[in-house]
Amino acid sequence: MHVRGTVAGDVEVRTVSTSYGESELAEVPVRLAVESDHLDDVTTTTSPFDAAETETDGGTLSDGGAHAADPTTITLWNKWTESAELLEPGMELLVTNAEEDEFRGEQQYATTGDSYVVVAPSFHVNVTAIRNWVECPRLYYLNKLSGVPLNYPVVKGTLVHEVFGDLLRGRDLEESIDARVEERGLELGLLGETADAVAEDVRENATAIEGWLEQGRLTAENEETAATAGDDSEAAFTPAESSWRSEQLLISETFGIRGRADAVRRGAPVELKTGKNLKKEPRFKDKVQAACYALLLEEHGGDVDTGTLLYTKNSALDRNEETGDLTPAKEFSMGDGLLKFVVRLRNELAAMEVSGDVPTGYEGSAKCEYCFEQDTCMVVSGRLDQESKAGQIGQALPAAEREYFDRFYRAIEAERRAVHREFAKLWEQDAQERADDDRALIDLAFLESTELAEGRWELRARRTGGATSKLREGDLVLASNGHPVRGSAELARIERLDEDEILLTADEPVEVTRLDVYPSELTTDRLLAALHDALLKGDERRKDVLFDRAEPEFEPLEETFIPNNDAQDEAVRKAVGADDCALIHGPPGTGKTYTIARAIRAMVERGERVLLSAFTNRAVDNALEALLDQLDGEIGEDSVASPAQRNGDGEAVDVVRVGSESGVREDMQPYRLDRAGDPGERAATLQNAQVVAATTATCGSRVMKEQRFDAALVDEAAQLTEPGTHAAINLADRFVLVGDHEQLPPVVQSEGGTRRVSSGANGDEPRAADLTESLFERLVDRYPEAGVMLTKQYRMNQRIQAFASQEFYDGKLRPASGDVAGRTLDDLSGVTRDDLPTELRDAVTFVDVDGDGSRYTDSEEAARIAEMVEEYRAAGLDAADIGVIAPFRAQVSELSKHVPDEVAVDTVDRFQGSSQEVIIVSFTATDSLEGPIFEDYRRINVALTRPKRALVLVGDANALATDPVYSRMLEWARR
DNA sequence: TCTCTGCGTAGAGGA
């Protein structure tokens, strides 16, 4: 029986005498969430994050007599008391194979010899984290903080692993080596390596594996012969046909562990290590890693008692004495004790993460004097004034900086936990809930799987419903035959996502019927590294400005850059002349992208190297497009071969876009840096580029972190968290932030559903608020003189802009010209306003619709809007010139059913950054304006400032009148 | 049930 619940009080550990002698036990008061013989039956679970809520709800108990409010005692015996000591009230606990017992009329539970105790099982830890943790908990923390920089041993290790996988899938060795080295051209080039030298190095390691596999082939054939007793089939053996498989992603809902095994042979894990180990035994951390995979495999139905470690460099040195065979392999047996030890390690790590603590190193037994990272550890400890087993060196950062670090560290870790919660939903929600949440595509009809030349597979499935999801081409997903964790599942990439069909690639075939979003910690990892770099590696002058110790300084420039717009001109002068930073506040339609482009051109003309960044790919591509326009008018066909643009003097400017193929817009692909190719040539392309454009997330990548720039320009900076902004500006000597803090702020996952555990270690998280104020906004408030506000807008008719200008920009926003102020639908060819119903002839119209009373949709508004769209079209307007926006996604899909496909229908949030001739807003609120979506007035600002010539507001006037801002809006629209 | 974009996933190795 498995018991699961939430710790409801303090844990007591004591020693008792039993018939076996002295034993330790811990009695844990637990509020049971669910109990069951099979985890598959678990339908409701409680995550440690919303424990507080569960408590007030009274919890759920399945055993009869007790009151919901009474905790049940679970006794954890012997070694499991170590895990018991980690428990805090509010944490979740799972005990497998527990024994049920009645004591003084109360139901109790206790561990048995077959039990595992899992602390915070919803927090799934990855295998590498456990491997680092066993080496030293502090090392785990340091790794998390700064990431692994680009270095040759790591890249080589990765290559050898890829070749190993290819060999297992039956690919030719030489072909694999060439292809894999080519794929990593950029990284290798940045490391100063040549393709030939690397290929030789990889070959040396891979040959040993190949030799060993050859031996395996013989063994497997023997076994096969023995098994089939007399069947002398001579079918050729290939690894792919044997009981091998490569790179298997494994997720355990019981143990809260996930990871990717290098290979699995006859159900047992095989780990490849590119290096040597001359000792008799495998390294302990390697064993722990293999044991993690063994646990994962056991949950997937295996019974694992051995693990294999392959040390590639051992072959030549270490021949089997009897046979003379090459033996890079070390097999070892995995007992119960090791597996339980691994779970206890995992519990230490999970408990630390859930409570948000920082390891000191004392948790483990490693000796600091042998540690590679001793110096780093001491420096970090010293700078952040952290307790550490290695000790501290250097001077602590000023208190304000340490406080900043701690605050953002906690906020980022809260985001990490939000990602983990998403992960837990893979098994905590059923298929339909996942689909309703747009996190999965279900009920697919599997079509076929085809093996590709390099041994990977292409999977095809047909979509049966018209369901939407957030899945997009290029995304990594869990492709399963029904359940992403319990069924057979592969990590796959979406190659094509059509209306009716889906094409995926994966390492192994799966009969796909369901796709789930695969949550990733990558972004949080990069935010943390950016925070670390900004504070611990950051330039002192930069930090003086960030921490209020020095005013930004400017070089006074006389030049005129933009003659017909003083504010834009001043903005460019500030950007170009900034010694530290400049801030450009650009309300809707004020030409901030043009201004950025002009500033970059000016910098490039001065011989500077410039980074252009933004949070979204769309914003990066928009800004890049404006720059290319500036440099050369337009992108010519011939630029495909050589993506260089001319600057003002007719010299070529090398512009490179760094990003994934699926992220970069089609027309910017010619500028995209392909990572594959000749190392020297790839590296030169990036390093010689005068302008590099990439999202802030990409700026945090290993490759980009090797780059340095004179200036970084960050567009849409008000949508970025502070650490997100650091990721870009860390790479440059000075920075320019461009944005509008009166529009939508960064999206933060941990803000919403997260609740603090009732009485945990630190009582003041999550701190999502710290992430929702952008660095842009903070600096604009702090250093108004470093900023310029653009005030002439080139988008909206005067009547349309009036409300936003008054409400959000102190009336400063003005039409750039009489033409802009007076633009109407009549200016569009083929459109006659007089053909419209009277109510739609004005630039701004309010249409009162009572609404159907449902919460996130409104069919009446949708129907009325569909009529209006037809009325506009009847007056000659192109459907593609109309945009419809709504606050809720549900209403967006409702609206999509009512209007022609050419009409752009989207949420307010996703419409930010674009504009249309006509915008119709569907408020989707009846009677009242309840719900957080309406509370952020910046959302109205975005909605109302999208149109150029006509704006129609559709909603329930009674509901809108309940809020002062919406009420003023109503007054303006009805005027 | 509020809004939702990023990212080469996790793991690659040094003594």
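Convention: sequence-line order gives letters A, B, ...; per-chain numbering from 1.
Put simply, CD on A/Glu271 is 13 Å from C1' on B/dG13, counting in whole angstrom units. Residue A/Arg260 contributes atom CZ, which lies 10 Å from atom P of B/dT9 at whole-angstrom precision. One interatomic measurement links the two molecules: OH of A/Tyr937 to P of B/dT3, which rounds to 19 Å at whole-angstrom precision. With rounding to whole Å, A/Leu491 atom CG is found 10 Å from B/dT9 atom P. B/dG14 atom P lies 10 Å from atom NZ of A/Lys273, rounded to whole Å. Rounding to whole angstrom units, NE2 of residue A/His161 and P of B/dA12 are separated by 4 Å. One atom, CG of A/Leu150, and another, C1' of B/dG8, lie 14 Å apart when rounded to the nearest Å. Between A/Glu930 atom CD and B/dC2 atom P there is a gap of 12 Å when expressed in whole angstrom units.
Between A/Thr698 and B/dC7, a side-chain N or O to OP1/OP2 separation shorter than 4.0 Å is present. In terms of phosphate contacts, A/Tyr518 brings a side-chain nitrogen or oxygen within less than 4.0 Å of OP1 or OP2 of B/dA10. Residue A/Thr274 places at least one side-chain N or O closer than 4.0 Å to OP1 or OP2 of B/dG13. Side-chain N/O atoms of A/Tyr370 include none lying less than 4.0 angstrom from OP1 or OP2 on B/dA15. The shortest distance between the side-chain N/O atoms of A/Thr907 and the OP1/OP2 oxygens of B/dC4 is below 4.0 Å. At the phosphate of B/dC4, OP1 or OP2 sits under 4.0 Å from a side-chain N or O atom of A/Arg889. Dashed line: the shortest gap from a side-chain N or O of A/Ser660 to OP1 or OP2 of B/dG6 is not under 4.0 Å. Applying the 4.0 Å criterion to OP1 and OP2 of B/dA10, one finds that A/Arg258 has a side-chain N or O inside that range. For the OP1/OP2 pair of B/dA12 and a distance below 4.0 Å, the side-chain nitrogens and oxygens of A/Gln289 include at least one atom meeting the criterion. Listed pair A/Thr158 / B/dA12 fails the phosphate criterion, with no side-chain N or O lying under 4.0 Å from OP1 or OP2. A sub-4.0 Å separation between OP1 or OP2 of B/dC7 and a side-chain N or O of A/Asn617 is present. Look at A/Arg618 and you won't find any side-chain N or O under 4.0 angstrom from OP1 or OP2 of B/dT5.
Among the atoms of the strands shown, base atoms are found under 4.0 Å from some heavy atom of A/Asn151. Among the atoms of the strands shown, base atoms are found under 4.0 Å from some heavy atom of A/Thr523. Among the heavy atoms of the strands, none lies under 4.0 Å from A/Val160. Nucleic acid contact class of A/Phe888 (heavy atoms, under 4.0 Å, all strands): sugar-phosphate only. Nucleic acid contact class of A/Tyr293 (heavy atoms, under 4.0 Å, all strands): sugar-phosphate only. In this structure, A/Arg439 reaches neither bases nor backbone, as no heavy-atom distance under 4.0 Å exists between it and the strands shown.
There is a side-chain donor-acceptor pair under 3.5 Å between A/Thr505 and A/Glu495. With hydrogens and angles left out, the side-chain atoms of A/Gln743 and A/Asp740 include a donor and acceptor closer than 3.5 Å.
Between the side chain of A/Arg855 and the base of B/dT1 there is no donor-acceptor pair of N/O atoms closer than 3.5 Å. With hydrogens and angles ignored, no donor-acceptor pair under 3.5 angstrom links the side chain of A/Arg131 to the base of B/dG11. Checked by distance alone, A/Glu247 brings no side-chain donor or acceptor within 3.5 Å of a matching partner on the base of B/dG11.
Comparing the C1' positions of B/dG8 and B/dA12 gives a spacing of 12 Å, expressed to the nearest Å. For B/dG11 and B/dA15, the P atoms lie 23 Å apart once the distance is rounded to whole Å.
Using a 4.0 Å cut-off between a side-chain N of Lys or Arg and a carboxylate O of Asp or Glu, A/Arg180 and A/Asp166 qualify as a salt bridge.
Nearest to the side chain of A/Asn126, among B/dG6, B/dG8, B/dG11, sits B/dG11.
Checked against the 6.0 Å centroid criterion, the rings of A/Tyr518 and A/Phe423 qualify as a close aromatic pair.
DNA chain B is contacted by both A/Asp437 and A/Arg472; A/Asp437 maps to the nucleotide lying nearer its 5′ end (nearest heavy atom per residue).
Side-chain contact between A/Ser701 and A/Thr698 is present, with at least one heavy-atom pair separated by less than 4.5 Å. Considering only heavy atoms from C-beta on, A/Arg169 comes within 4.5 Å of A/Asp507 through its side chain.
In this pair, A/His741 and A/Phe776 present their aromatic rings tilted. The plane angle is within the 30 to 60° band.
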